[in-house]
Asks: 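So that we are looking at the same thing, I have put the structure below in structure tokens.
Each chain gets a letter, A, B and so on, in the order the sequences are listed, and its residues count up from 1.
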Amino acid sequence: MLELRDLHKRYGSTIALDGVDLTAAPGRLLGFLGPNGAGKTTTMRSVFGLVSLDAGMTLWDGAPIDDDVRRRFGYMPEQRGIYPKMRVGEQIAYFAELHGCSRTEAQGAAERWLREFGLADRAGDRVDALSHGNQQRVQLAVALAHDPDLLVLDEPFSGLDPVGVERMKSIVRTAAERGTAVVFSSHQLDLVEDVCDDVIVVRDGQVVLSGTFDEVRDVDPRRRLVVGFTDPSACWEPSVGELPSGAQMVSALPGRTELLVPPDIDLDAVLLAARRAGELARFTFEPQTLSQIFLEAVRR
Amino acid sequence: MTPTHAVRLIARREIREGLRNRALMTSFGVTTLLILLVVFLPTFFGDDSTTVGVVEGVEVDRGALTAAADGFGIDLDLEDVADVAAAEQAIEDGDLDAVLSGPAELLVEDQPSPELRALIAEVVGRDAVLADLEALGLDPQEAAVALDAGDGVTVRSLDPTDGFAEFMVALAGTVLMLMGVTFFASQVLTGVVEEKSSRVVEVVLGAVRPTQLLTGKLLGIGALAILQVGGLLAIALVAMNVSGAIELPATAGPTIGAVAVWFVLGFAFYAVVYAAAGSLVSRVEDAQSTAGPIGFLLFAAYALSFVVVVPNPESLASRIVSLIPGVAPLTMPARVAFGAVTPAEQAAAITISVVATVLAVRFAARIYQRSLLRTGQVTWREAVRQPG
């Protein structure tokens, strides 16, 4: 189990981390969310001793992370993070060996991961001869080859096409199923919603929200109410006085308006107001999306 | 995993990638070709016969000399020379390689080739000494024993201080040194910058310590450097041996030894400082700005070798520049080539250089460690001042 306690880091006058706490448990996927510059990368780098912290502790199973423990971690930085001129297969095997695998294990792991990613025939190619997507697969194979206890991925979904995103999700899910603690950062919340067991949201170096996905969702008791109109051009932008107190408009697009409403809302009043704008096609509650929770959290 | 294992893995990667590096392999191939060209070209165009003059009045069995010459691999031409003065002139003009100016006296510009000397000794030297000894009253048997002391040939050099061969050896040693150190130390520089710019260093440092990465890198690239420079030296020596076109002066052996020792010291010193320079920048394009001063030092040392050492290898200035760390690797081999260094001086220079290199390693490792993970460009001043 990874525990980061009260991390502080300042670069000159910029405060990067201002008391970050984070826990990642084996077999669970932790989504590490926050806008750019919130301190996600600095936090992740601190796990690997790449940041000299001003204060705070990085622990694994209750003890400070040392070299031996750290070698059991896998890391995929946001950009590149592999040797561009090195051969694909040798690269994966090299990093596996650096992380403590024997030569044979390392070569076996390289072959296995290249097969897994459909790159078996590219093992002898230089990394820079590969497409962007394939380079990222190699990068991921480097992070996974030594079968790490903790996998840290910085923005693993950025720059991937929808097929790539699904594939990445299935890879991190599989890793978690094998008992690996997985932490990944993202600013594309809609992509990661269905893959997070736990969520932590940071802003300006501080944790603003954390817990299981359900807990985080329950932080805000309001529900999302979606109103759809049969006329796709019907536009309903209710004014504040038009809605019962506590209700708030989230978005109003032609044919579709979204509201956040308290649990004890007077639904009849809302329905009446909506009907004035056109014939209704739908009037439903939907779960809050991570994006909304996130936006609310970082706005507060 | 032990630190040694990590260092070995890193060094092995450097060697494997180095052997695939096109620039490195090309430079090796081109230099090999140049060496072969320099060594073998004279044998294609040069007159490989040896012309020996015989001063009038000197009694020599010409038939025996010509007959024995083949056995020594010499294509011998004999010519008559009127007197010693004419002989000296002919040698200076390059018309004659050597002149027999007495029964066993060989007049040459600097030194006769070992083959020629052996031939003269065999044919005329022995007889001349035997005659002398018998004249002194020794019986022929005793005389023959006494003969083992020398070959009986007297060599008179017209210009023994010419030192051209020594100069060539000094030049070759210094140039090889400059090329080797520049090339391989800058391999370290670009290697460090590439690791930093591709961010791969973050993944590597997640598994090993900065000092292990630095050590492995230096050992790996150092091994390549020794392999290449040693290989070139070996090729040059074998080629010279095969062609027989270039006679190595007596200082060649010690010079090769000095080049070997100083190459290792010079590489270690410059490579580690270049590594520190590389760790200060995030882009390959910026590397020259931090590495520039080091390159300047390297070329200054090279220039000193020619401006100070070559004109007067035994001067005080030469002695001083061959003791300065960073400068010594380029000036010492030249002094050794001229036979101008005492063992005590060598020992002192090596000790100073080793101490300086150890200090440089510690200093550079600290800068490397502190700057490796910083983005943007770090100045030397900032790197030294930043907290550990």
Asks: What do you reckon, is OH of A:Tyr11 surrounded by more than 12 foreign heavy atoms closer than 6.0 Å?
Replies: yes
Asks: Do B:Arg199 and A:Glu78 meet the salt-bridge criterion of a basic N to acidic O distance under 4.0 Å?
Replies: no
Asks: Main chain of B:Ala207, side chain of A:Arg71: is a donor-acceptor contact present, judged purely on distance under 3.5 Å?
Replies: yes
Asks: So, do A:Phe48 and B:Leu205 sit near enough that their side-chain heavy atoms are less than 4.5 Å apart?
Replies: no
Asks: Flag the pair B:Arg8 and A:Glu97 as a salt bridge only when some basic side-chain nitrogen lies within less than 4.0 angstrom of an acidic carboxylate oxygen.
Replies: no
Asks: What I'd like to find out is whether the side chain of A:Tyr94 reaches to under 4.5 Å of the side chain of B:Ile10, using heavy atoms alone.
Replies: yes
Asks: At a heavy-atom separation under 4.5 Å, does A:Val47 approach chain B through its side chain, its backbone, both, or neither?
Replies: neither
Asks: Atom CZ of residue position B:Arg22 - does it have more than 12 heavy atoms of other residues, nucleotides or ligands inside 6.0 Å?
Replies: no
Asks: How about B:Ser198 and A:Ile82: do any of their side-chain heavy atoms sit closer than 4.5 Å?
Replies: no
Asks: B:Val200 and A:Gly81: which non-hydrogen atoms are nearest, and at how many Å?
Replies: CG2-O, 3.4 Å
Asks: Going by an N to O cut-off under 4.0 Å, is there a salt bridge joining B:Glu17 and A:Lys85?
Replies: no
Asks: If I measure from the heavy atoms of chain A, does B:Thr2 come under 4.5 Å with its side chain, its backbone, both, or neither?
Replies: neither
Asks: Name the region of A:Arg72, side chain, backbone, both or neither, that has any atom closer than 4.5 Å to a heavy atom of chain B.
Replies: neither
Asks: So for A:Tyr83, is it side chain, backbone, both, or neither that comes closer than 4.5 Å to the heavy atoms of chain B?
Replies: both
Asks: Give a yes or no on this: more than 12 heavy atoms of other residues, nucleotides or ligands lie within 6.0 Å of atom CE of A:Met1.
Replies: no
Asks: Is the number of heavy atoms from other residues, nucleotides or ligands under 6.0 Å of B:Arg362 CZ greater than 12?
Replies: no
Asks: Any idea which of A:Met86, A:His99, A:His146, A:Arg70 has the most non-hydrogen atom pairs under 4.5 angstrom with chain B?
Replies: A:Met86
Asks: Do B:Arg13 and A:Glu90 come within less than 4.5 Å of each other through their side chains, counting heavy atoms only?
Replies: no
Asks: I need the A:Met44 CE to B:Glu202 CD distance, nearest 0.5 Å.
Replies: 12.0 Å
